[in-house]
There are 4 protein chains.
Amino acid sequence: MIGATGTVGQRLVRRLHDHPWFELTTLAASSRSAGKAYGEATHWLLPTALPTSIAEMEVRDVHEVDDCDVVFSALGSTTAREIEPLLARRGPMVVSNASALRMHPRVPLLIPEVNPDHLAMLDHQDFGSGGIVTNPNCSTVGLVLSLKPLAEAFGIEAVQVTTLQAISGAGHPGVPSLDILGNTLPLIPGEEEKLETEPQKLLGGVVEGAFSPAVFSVSAQANRVPVVDGHLISVSVKLGREASVEEARSVIEDFRSPVADLHLPSAPRSPVVVADDDSRPQPKLDADREDGMAVTIGRIRSCPVFDLRYVALVHNTERGAAGAAVLNAELLAASGRLDRFTK
Amino acid sequence: MIGATGTVGQRLVRRLHDHPWFELTTLAASSRSAGKAYGEATHWLLPTALPTSIAEMEVRDVHEVDDCDVVFSALGSTTAREIEPLLARRGPMVVSNASALRMHPRVPLLIPEVNPDHLAMLDHQDFGSGGIVTNPNCSTVGLVLSLKPLAEAFGIEAVQVTTLQAISGAGHPGVPSLDILGNTLPLIPGEEEKLETEPQKLLGGVVEGAFSPAVFSVSAQANRVPVVDGHLISVSVKLGREASVEEARSVIEDFRSPVADLHLPSAPRSPVVVADDDSRPQPKLDADREDGMAVTIGRIRSCPVFDLRYVALVHNTERGAAGAAVLNAELLAASGRLDRFTK
Amino acid sequence: MIGATGTVGQRLVRRLHDHPWFELTTLAASSRSAGKAYGEATHWLLPTALPTSIAEMEVRDVHEVDDCDVVFSALGSTTAREIEPLLARRGPMVVSNASALRMHPRVPLLIPEVNPDHLAMLDHQDFGSGGIVTNPNCSTVGLVLSLKPLAEAFGIEAVQVTTLQAISGAGHPGVPSLDILGNTLPLIPGEEEKLETEPQKLLGGVVEGAFSPAVFSVSAQANRVPVVDGHLISVSVKLGREASVEEARSVIEDFRSPVADLHLPSAPRSPVVVADDDSRPQPKLDADREDGMAVTIGRIRSCPVFDLRYVALVHNTERGAAGAAVLNAELLAASGRLDRFTK
Amino acid sequence: MIGATGTVGQRLVRRLHDHPWFELTTLAASSRSAGKAYGEATHWLLPTALPTSIAEMEVRDVHEVDDCDVVFSALGSTTAREIEPLLARRGPMVVSNASALRMHPRVPLLIPEVNPDHLAMLDHQDFGSGGIVTNPNCSTVGLVLSLKPLAEAFGIEAVQVTTLQAISGAGHPGVPSLDILGNTLPLIPGEEEKLETEPQKLLGGVVEGAFSPAVFSVSAQANRVPVVDGHLISVSVKLGREASVEEARSVIEDFRSPVADLHLPSAPRSPVVVADDDSRPQPKLDADREDGMAVTIGRIRSCPVFDLRYVALVHNTERGAAGAAVLNAELLAASGRLDRFTK
C-alpha cells in the first residue's frame with residue numbers, strides 16, 4: 001500500500017488487516033516516513049486500535065515498492081500522477097483512490113455496483129504488464145450510487161447537487177479547528193469539478209475500446225461542515241422521462257448490485273438503503289451502516305423545479321475512499337484480473 | 001413586545017432598548033411567564049448583558065397588551081394566528097416575525113429594501129384601526145435580498161436552493177445537542193414550504209388592491225448544521241434572460257435600497273455585500289456584518305445546469321427575524337403609517 | 001427493563017438483546033409511552049440499528065412490571081425512589097442505574113471489580129423477597145476504578161477531581177445545543193455531591209452487616225463539554241503513604257479484577273488500561289475501548305501539591321451506566337444471587 | 001509590531017488601530033511574509049473587518065524593525081528568545097506576549113492590576129537603552145487575577161487548577177479539527193509548567209533589585225476543549241488563614257486595581273467580576289465581557305479538601321495575550337517609562 005500514513009491509508013490498513021483475500025505485505029509512504037515503524041510514522045486516528053503487527057512494520061519509500069500483486073494507492077493527486085503509472089509499469093495492478101487518473105481515457109473509474117463492465121478497458125491500457133483502476137471522489141460515489149437506479153429506469157437529464165462534507169475528507173491535519181468549529185465553509189477547492197465530471201463517465205458505457213460518457217449536466221455546490229465522517233448530499237434530478245415519487249422510490253429500493261453473485265467480501269448487502277424516517281439520513285446515525293459501505297437515501301419527494309429530490313449520505317472515507325478501493329480490488333480478483341499473480 | 005422571552009424576543013429587546021425612535025414599554029409572553037420579572041422569565045442567551053432596567057420589567061400576559069402603538073410579535077405561529085389579529089383590532093400596528101399571517105391576502109410580507117410598495121395593502125386590511133405587517137422566514141430574507149437585483153435586471157424563472165441553517169433558528173431549548181453535535185439534520189419541518197412560497201409574494205407587486213405574486217418556481221432543501229448564528233444558502237438561478245457572471249455580479253454590487261433616503265436606523269449601508277474571497281461568506285466571519293443586517297454573497301459563478309450560482313449568508317435571528325421586524329417598524333414610521341399614534 | 005426509552009435504556013436494550021445469560025422480556029416506561037411499540041416510543045439514538053423484534057415490543061407502564069426475575073432500572077431519580085422498592089417487594093432483583101438509593105444504608109453501590117463483597121448486604125435488605133443493587137454515578141465509576149489499585153497499595157487521604165463530562169450524560173433532549181455548542185458549562189447540578197460521597201462507600205467495607213465507608217475527602221468540580229460520549233477526569237491524589245510514579249503506574253497496570261475468574265460476559269479484560277501516549281486518553285479515541293467497559297488512564301505523574309496526578313476516561317453511558325448495570329446483574333447471577341429464579 | 005500575522009498579532013492590530021496613545025507604524029513577521037501586503041500575508045480570522053489602511057501596509061522582516069518606540073511581540077517562543085533582546089538593545093521598549101523571557105531574572109512578568117511595582121526591575125535590565133516587559137501565559141492571567149485579592153487578604157498556601165482551554169490558544173492552523181471536534185485533549189505541551197511557575201513570580205515582590213517570588217505550590221492540569229475563545233479554569237485554593245466563603249467573595253468583589261487612577265485605555269472597569277448565576281461563567285457568554293479584558297469568577301464555594309473553590313474565565317487571546325500586552329504598554333506609558341521616546 002502506498003500513501004499508508006494518511007487518514008485513508010489508515011482505513012485501508014484496517015480493512016486489509018485480516019482481509020480474507022489479500023495479505024498486507026508492504027506499507028509505503030513519502031521519504032519523510034520511510035524507515036520508521038508504521039506506528040511511529042502515522043498519527044493513528046481510528047478508535048479501533050492499530051494492530052501491533054502492523055504498527056511494527058517498517059514503512060518503505062513509495063518509490064521502492066515493486067514486489068506486490070496489488071498496490072493500493074492513497075497518495076495525494078500530484079504524487080499519484082507521477083508514481084502510479086511508474087508502479088503499474090513494474091507489473092502490479094494499482095488500485096487508486098487518487099483523483100489524478102480518474103478521467104484518463106483508458107483508466108476505469110469504477111464502482112462495482114455501477115459499472116463493472118468498465119473493467120474491459122484494462123485490456124486497452126498501456127502500463128506494461130500492470131494496470132490502473134480508480135475509484136471516484138467521495139461525494140461522487142454517494143451521488144452516483146443513488147443516480148444509478150434512476151438512470152437505468154428513467155434516464156437522467158440534469159442534476160443539481162449541494163454537499164455538506166465532513167472534515168475527514170480533508171485528511172489530517174486538514175481543516176484547522178479555528179476555521180470549522182461552529183462554522184461552515186462554502187468552498188472545497190477542486191471538489192465541485194469532480195462532482196460535475198465523474199458521474200457521466202461512471203454512468204456511461206464502453207464502446208469500441210473507449211469510454212462513452214453519459215450525457216447529462218451536473219451542477220455541484222460543495223460545503224464543509226463540522227462533522228467527522230459522512231457527506232450529506234442534497235440532490236434534485238431532472239429525469240429523462242416522467243416518473244412518480246413512488247416509482248422512483250421503488251427502483252431505488254429494488255436496486256440490486258449487478259455483481260451481487262460474486263459475493264465480494266466488502267460489498268454491502270444493499271448498496272443503497274432507503275430510510276423510512278424523514279429525519280434521516282444523518283451522518284452520526286447512518287454513515288457507519290454496513291461498515292460504512294451502504295449509501296443511505298431519504299426524503300425522496302417531488303421537486304417544484306425538476307422532477308425528483310432526495311438526500312443521500314455516504315461514508316466519505318469508507319464507501320468514498322478506502323472501502324471503495326478495497327471493493328474495486330475484490331472485483332478485480334473475482335473477475336480473474338489478478339489471476340496471473342496468484343498462479 | 002409579545003413573545004419577549006424567546007431567542008428572537010431577546011434580540012428584539014436588545015435592538016429596542018435605546019432605539020432612537022421607539023420606546024420599549026411592555027414585555028409580554030405566555031401566562032407561564034406573566035407576573036415575573038423579565039430577567040427571571042427569560043434564559044438570556046446573548047453575550048451582551050441584559051440591561052438592568054429591562055431585567056426588572058414585569059412580564060405581562062400576551063392577552064393583556066393593549067396600550068402600545070406598535071406591537072412587535074415574536075410569538076410562535078399557532079399563538080400568533082390567534083393573538084395578532086385580536087391585538088391589531090384593539091388599535092396598534094402589529095409588526096410580526098411569526099409565519100402565521102405571512103401569506104395572508106391582505107398582510108404585507110415586507111423587506112424594506114425589496115417591496116416597500118406592499119405597505120399600500122395596509123389600506124385594504126380589516127383589522128379595525130390597527131394593522132399587521134410581517135417579515136419573511138429567516139432563510140427567505142437571505143434568498144430574496146440576493147434575488148432582488150437579479151429579478152429586476154434579468155427576471156427569474158426558477159431557483160434551486162439548499163440551506164445550511166444555524167441552530168438558533170430553532171430557539172431555546174430548540175435542537176438537542178445530542179442530535180446536532182458533529183451531525184447535520186436533513187429536515188427542518190415547515191421550512192422548505194416557506195422558502196418555496198414567500199419569495200414569489202415578496203418579488204411580486206400590488207395590483208388593484210391585491211398581491212400579484214411573481215411567477216417562478218423555487219425548490220428548497222433545508223438542512224440543520226452545528227452553527228450558532230447564520231444561515232448559509234447555496235443558490236442556482238435560471239434567469240429570465242441571459243446574463244454573464246460579470247453582469248450579474250455588477251447588478252448585485254450596484255444594488256441600492258429603494259428606501260435608502262429614509263435613513264432607517266437599522267438599515268445596513270449595503271443590504272447585499274459581495275465578498276471578494278472565494279472562501280466566503282462564512283457564518284463565523286460574516287454573519288455579524290453591519291450588526292447582522294447585511295446579507296453577504298460569494299462565489300458568484302456560472303451554473304452548468306441553470307445560469308448562475310452563488311452562496312448567500314444571512315444572520316437568521318437578526319436580518320432574518322428581530323432586525324427584520326425592527327426595520328419594518330422603522331419603515332412604517334418613516335412612511336407615516338404610525339403618525340396617528342405620535343400625534 | 002424500566003425507563004427503557006431514555007438514552008441509558010437504549011444502551012441497556014442494545015446490551016441485553018442477545019445477551020448470553022439474560023432474556024429481554026419486558027420494556028416499561030412512563031404512562032406516556034405505555035401501550036406504544038418501543039420503536040415509536042423511543043427516539044433511537046444509537047448508530048447500531050434497533051432490532052425489529054425489539055422495536056415491535058409493546059411498552060408497558062412502569063407500575064405494571066411484575067413477572068421478571070431481574071429488573072434493570074434506568075429511571076430518573078425521583079421516580080426510582082418510589083418505584084424501585086415497590087418492584088423489589090414484588091420479588092425481582094432490581095438492578096438500578098438511578099441515584100436514588102445509592103447511599104441507602106442497606107443497598108449495595110456496586111462495581112464488580114471494586115467491591116463485590118458488598119453483595120453481602122443483600123442479606124440485610126428488607127425489600128421482601130426481592131432486592132436492590134445500584135451502580136455508581138458515571139464519573140464516580142471512572143474515578144473509583146482508577147483509585148482502587150492505589151487505595152489497596154498505598155491508601156488514599158484526599159482527592160481533587162475536575163471532570164469534563166459528555167452531553168449524553170444528560171440524556172435526550174438533555175442539553176440544548178444553543179447552550180453547549182462551542183461552549184463549556186461549569187455546573188452540572190447534583191453531580192459534584194455524588195462524586196464527593198460515593199467513592200468512600202465504594203472503597204469501604206462491610207462490617208457487621210453495615211457499610212463502613214473509607215475515610216478520605218473528595219473535592220469535585222464538574223463541567224459539561226461538547227463531547228458526545230466519554231467523561232474525562234483530571235485527578236490529584238494525596239496517598240496514604242509515599243509512592244513513586246513508577247510504583248503507582250505499576251499497581252494500576254497490574255490491577256486485576258477480583259472477580260476475573262467468574263468470566264462475566266460484559267467484563268472487560270482489563271478494567272483499567274494505562275495509555276502509553278501522553279496525549280491520551282481522549283473521548284473520541286478511547287471511550288469505546290472494550291465495548292466501552294474499560295477505563296483508560298494516562299499522564300500518570302507526580303503532583304506539586306499532592307502526590308500523584310493522572311487523567312482518567314470513562315464511557316459514561318456504558319461503563320458509567322448501562323454496561324455497569326448489566327455487569328452488576330452478571331455478578332449477581334454468577335454469585336448465585338439469582339438462583340431462586342432460574343430453578 | 002512583530003509576529004503580526006498570527007492570531008495574537010491580528011488582535012494586536014485590532015487593538016492598536018485607532019488606539020488613543022499608540023500609532024501602529026510597522027508590521028513585521030517572518031521572512032516568509034516580508035514584502036507582502038499585510039492583507040495577503042495574514043489569514044484574517046476576526047469577524048471585524050481588517051481596516052484597508054492596515055491591509056495595505058507592507059510586512060517587514062522581523063529582523064529589520066528598528067525605528068519604533070514600542071515593539072509589541074507576538075512571536076513564538078524560540079524566535080522571541082533570539083529576537084527580543086536584539087531589538088531591545090537597539091533602543092525600543094519590547095512588550096512581549098512570548099513565553100521566552102517571562103521567567104528571566106530581570107524581566108518583569110506584568111499584570112498592571114497585580115504587580116505594577118515590578119516595573120522597577122526595568123532599571124536593572126541590561127538591554128542597552130531599551131527594555132523588555134512580558135505578560136503571562138493566557139491561563140495564568142485568569143488564575144492570578146482571581147488569586148490576587150485572596151493572596152492579599154488571606155495568603156495562599158497551595159492551588160490545584162484544571163483548565164478547559166480554547167483552541168484559539170494554539171493559533172492558526174493550530175489544532176486540527178479532526179483532533180478536537182467532539183473531543184477533548186488532556187495535554188497541552190508546556191502549558192502546565194507555566195501555570196505552576198508564573199503565579200509565584202507575579203504574586204511576589206521586588207526586593208533589593210531582584211524578584212522575590214511568593215511561596216506557594218500550584219498543581220495544574222491543562223485540557224483542550226472545542227471552544228473558540230475563553231479558557232475556563234477550575235480552582236481549589238488552600239488559604240494562608242481561614243476565611244469564610246462570604247469573606248472570600250467580598251474581597252474578590254471589592255478588589256480594585258492599584259492603577260485604576262491611571263485610567264489606562266484598555267483597562268476594564270473591574271478586572272475581576274463575580275457572576276451571580278451558578279451556571280456562569282461560560283466562554284460563549286462571558287469571555288467578551290469588557291472587550292475581553294475582565295475575568296469572570298463564579299461558583300465561589302467551600303472545598304472539602306482545601307478551603308475555597310471557584311471557576312474563573314479569561315479571554316485567552318485578549319486578556320490572556322493581545323489585550324494583556326497593550327495594557328502593559330499603556331502602564332509603561334502612564335508610568336513615564338516611554339517618556340524619552342515622546343520627547
Side-chain angles (χ1 to χ4, degrees), chain C residues 157-164 166-167 178-189 192 196 216-236 238 275 277-285 287 298-299 301-306 309-313, chain D residues 157-164 166-167 178-189 192 196-197 216-223 225-236 238 275 277-285 287 298-299 301-306 309-313:
Chain C
E157 289 202 358
V159 181
Q160 291 262 14
V161 54
T162 299
T163 64
L164 286 70
I167 55 174
L178 269 181
D179 288 347
I180 195 69
L181 186 66
N183 202 17
T184 57
L185 306 176
L187 175 70
I188 306 177
E192 296 171 354
E196 294 177 353
F216 61 91
S217 55
V218 179
S219 168
Q221 307 210 47
N223 299 282
R224 187 74 75 192
V225 295
V227 164
V228 174
D229 288 312
H231 291 353
L232 197 71
I233 309 176
S234 293
V235 187
S236 292
K238 189 170 186 197
D277 185 338
D278 243 16
S279 69
R280 308 283 278 266
Q282 296 175 22
K284 182 180 159 188
L285 296 177
R299 302 201 65 213
R301 61 206 193 283
S302 64
C303 176
V305 172
F306 283 170
R309 290 183 292 180
Y310 57 83
V311 177
L313 177 79
Chain D
E157 289 202 358
V159 180
Q160 291 262 15
V161 54
T162 299
T163 64
L164 285 70
I167 55 173
L178 269 181
D179 289 347
I180 195 69
L181 186 65
N183 202 18
T184 58
L185 305 175
L187 175 70
I188 305 178
E192 296 171 353
E196 293 177 354
T197 54
F216 60 92
S217 55
V218 178
S219 169
Q221 307 210 48
N223 299 281
V225 295
V227 163
V228 174
D229 288 312
H231 291 354
L232 198 70
I233 309 176
S234 293
V235 187
S236 291
K238 188 169 186 200
D277 184 339
D278 242 17
S279 70
R280 307 284 278 267
Q282 296 175 22
K284 183 182 157 185
L285 296 177
R299 302 201 64 213
R301 59 206 194 283
S302 65
C303 175
V305 172
F306 283 170
R309 289 183 294 181
Y310 57 84
V311 177
L313 178 79

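Remember, it's a predicted structure, so these values are computed and weren't measured experimentally. Letters A, B, ... are given to chains in the order of the sequence lines, protein chains preceding strands, and every chain is numbered from 1.
With respect to chain C, the highest number of heavy-atom pairs below 4.5 Å among D:L181, D:N183, D:L187, D:V227 belongs to D:N183. Of the listed residues (D:G298, D:P281, D:A287), the one with the most heavy-atom contacts under 4.5 Å to chain C is D:P281. Counting heavy-atom pairs under 4.5 Å between each of D:S236, D:C303, D:P189 and chain C puts D:S236 at the top. The most heavy-atom pairs under 4.5 Å with chain D, out of C:E196, C:K238, C:R224, come from C:E196. Considering only heavy-atom pairs separated by less than 4.5 Å from chain D, the leading option among C:A220, C:S217, C:S234 is C:S234.
Using a 4.5 Å heavy-atom cutoff, the side chains of C:P304 and D:V218 are not in contact. For the pair C:T162 and D:R309, the minimum side-chain heavy-atom distance is 4.5 Å or more. At a threshold of 4.5 Å between non-hydrogen side-chain atoms, the residues C:S279 and D:L185 do not count as touching.
Of all heavy-atom pairs between C:A158 and D:V305, the closest is CB-CG1, 4.0 Å. D:Q221 approaches C:V235 most closely through the heavy-atom pair NE2-O, 3.1 Å.
When atom types are taken as modelled, the side chain of D:R299 and the backbone of C:P186 share a donor-acceptor pair closer than 3.5 angstrom.
Note: D:L164 CG to C:N223 CG = 5.0 Å, rounded to the nearest 0.5 Å. Between C:L232 atom CG and D:T184 atom OG1 the span is 4.0 Å, to the nearest 0.5 Å.
The contact between C:Q160 and chain D is made entirely by side chain atoms (from C-beta outward), counting heavy-atom distances below 4.5 Å. With a 4.5 Å cut-off on non-hydrogen atoms, C:I180 does not touch chain D at all. For C:F216, no part sits under 4.5 Å from any heavy atom of chain D, backbone or side chain. Of the atoms belonging to D:L178, heavy atoms from both backbone and side chain fall under 4.5 Å from chain C. When heavy atoms are compared at a cutoff of 4.5 Å, C:Q282 approaches chain D by way of both its backbone and its side chain. When heavy atoms are compared at a cutoff of 4.5 Å, C:R301 approaches chain D solely by way of its side chain, counted from C-beta outward. Contacts between C:D229 and chain D at a heavy-atom distance below 4.5 Å are absent for every atom of the residue.
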